[in-house]
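Source: prediction; values computed, not measured. Just so it is clear, the values below take in all heavy atoms, side chains as well, and ignore hydrogens, waters and symmetry mates.
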Protein chains: 2
Amino acid sequence: MARTTGSDGEKTEAAVREAAVNLIARLGYEAMSMRQLAAEVGVQAAALYRYFPTKEDLLFTLMREHMEGLIEAWDAARPAATDPATRLAAYVENHIAFHIERRHSTHVSNMELRSLSHDRLTQILRMRTAYEKELRAILRDGAEAGVFNVEDTGLTAMALIQMMTGVIVWFRPGERLSISEVTATYLSMTMRLVGATHGATTTYGAVRAFGRAKDAVAL
Amino acid sequence: MARTTGSDGEKTEAAVREAAVNLIARLGYEAMSMRQLAAEVGVQAAALYRYFPTKEDLLFTLMREHMEGLIEAWDAARPAATDPATRLAAYVENHIAFHIERRHSTHVSNMELRSLSHDRLTQILRMRTAYEKELRAILRDGAEAGVFNVEDTGLTAMALIQMMTGVIVWFRPGERLSISEVTATYLSMTMRLVGATHGATTTYGAVRAFGRAKDAVAL
DNA sequence: GAATTAATTGAACGTTCGTTTTATTATCAC
DNA sequence: GTGATAATAAAACGAACGTTCAATTAATTC
């Protein structure tokens, strides 16, 4: 046999990507074989090479698009407001929503970095750094304005990102907590962690209100 | 050739364990071949099977001993004091010190869980849960005593553990920050995150003092 | 110093891996 | 309908994998 009836390159490629994200997230990149992936898609292994020249190309594509998606999501969610507390709240909510929504590709992008070649690893890390830089800027602005109390901007940014991304390790949709409940709790933990002043309740109130509004959309 | 002069089973096994932790941490369990490991030890691949019946047995042994070490370390570091703030401070300091000290085996134990058989995975997860339970107990006690302000004990425990363990991702000994500086910063972030009351400065003062003392020892 | 045990080598086994090549069929443009 | 092209199958490639086995030598025991 050869070309099968109804076969379509675009659909096959999309199916390959989706199956690959799920399989790599579950088994790991090294443990997933191209034959396994092909079987999941319902195709022979050789057909995969029409869309991705090598296994590593496939991995890199998945990671690059994950990072591009993350950066685009933040660009879209970035608030017009300039006060650090509002910006921080938006960052936290966008981060958690994105990572829960794309749990599998996050898993892949975080766990399989060592399977990339040096150059491609550098590319992915550059994108990640750019994204994290945004959080550091928010923390720095907040510290300079005196509305945050952070000892070390870089260290706090890393701590927050690890904390937030960690959600994907234990969160399962439809269990005890909803996405909005998790987000709300993480938001208040974040605000306490950075020592956000909520003396003048206007600021903190705005943050909370913003949080609720976003939550409603996210669900 | 056969047995080599000066060969010693105990030494070889120790060398295998150490090389395995480093190689798996760097390449991943699936990507590390038994031949690679043997070469690192300076031995033929067949010799490894004298000490570990299968590759997975080797992985499991490394993980089990890592978890046992973590639990033993906490048993030794657990303070006699009963007030939640002191206990939390001890937990944080022990956790960070242990994870920085054993960065590689932590990496292995966190990243390679999916390569274990179901039964062995269950064993490791049971140990992990037991360890995390200690933190939840501290948070619960603190919340009930009114010295902590946590909305959700389980969720806060997960957030703290992810935050603290994340240190191994970016921390490199001998760079900008020392272990004690990192620990101190994480301790104060933790205390703020759980909303520890330091109105009566005695409590918070004690925590800080404890922190410094432990840091001195850790270095 | 002979017998026993411990430690290791070297070669081989069958399997699976990522990938390539060639042939074949479906689809589409004209 | 015919020719070009897109999409796939089927088979094969050499290399690497985890693991086993028999042979061999060092260390230990008596």
Would you give a per-nucleotide map of nucleotides 11-17 of chain C, 5' to 3', where B means the base has a protein non-hydrogen atom under 4.0 Å away, S means only the sugar-phosphate does, and - means neither? -B----B
Whole angstroms only, please: what is the CG-C1' distance between B:L48 and D:dT20? 14 Å
Whole-Å gap separating C1' (D:dT19) and CZ (B:F52): 16 Å
When the side chains of residues 24-47 of chain A are checked against the rest of the protein, which donor-acceptor pairs come out under 3.5 Å, sequence neighbours left out?
unit_1 : atom_1 : unit_2 : atom_2 : d
A:Y29  : OH     : A:E56  : N      : 3.2
A:S33  : OG     : A:Q36  : N      : 3.0
A:Q36  : OE1    : A:S33  : N      : 3.2

State whether B:E181 and B:R176 are salt-bridged, where the test is any N-O pair (Lys NZ or Arg NE/NH1/NH2 against Asp/Glu carboxylate O) under 4.0 Å. no
What's the CZ-P distance between A:R50 and C:dT22, to the nearest Å? 17 Å
Does C:dA7 have OP1 or OP2 under 4.0 Å away from a side-chain N or O of B:T12? no
Is the shortest distance from a Lys or Arg side-chain nitrogen in B:R17 or B:E65 to a carboxylate oxygen in the other one below 4.0 Å? yes
OP1 or OP2 of C:dA6 versus the side-chain N and O atoms of B:Y51: is any pair under 4.0 Å? no
Output yes when at least one side-chain N/O atom of B:Q44 is less than 4.0 Å from OP1 or OP2 of C:dG10, else no. yes
Can you find a pair of side-chain heavy atoms, one from B:W170 and one from B:E175, that are under 4.5 Å apart? no
Checking A:R78 against A:E134 for the salt bridge (Lys or Arg N to Asp or Glu O under 4.0 Å) test, could you report, in this order, the C-alpha distance in whole Å, the side-chain angles of both residues, the deciding distance, and whether it holds? CA-CA 10 Å; A:R78 192 200 309 269; A:E134 303 268 331; 2.6 Å; yes
Between B:W74 and B:Y91, is the ring centroid distance below 6.0 Å? yes
Toward the 5' end of DNA chain C, by each residue's nearest nucleotide, B:A45 or A:Y49: B:A45
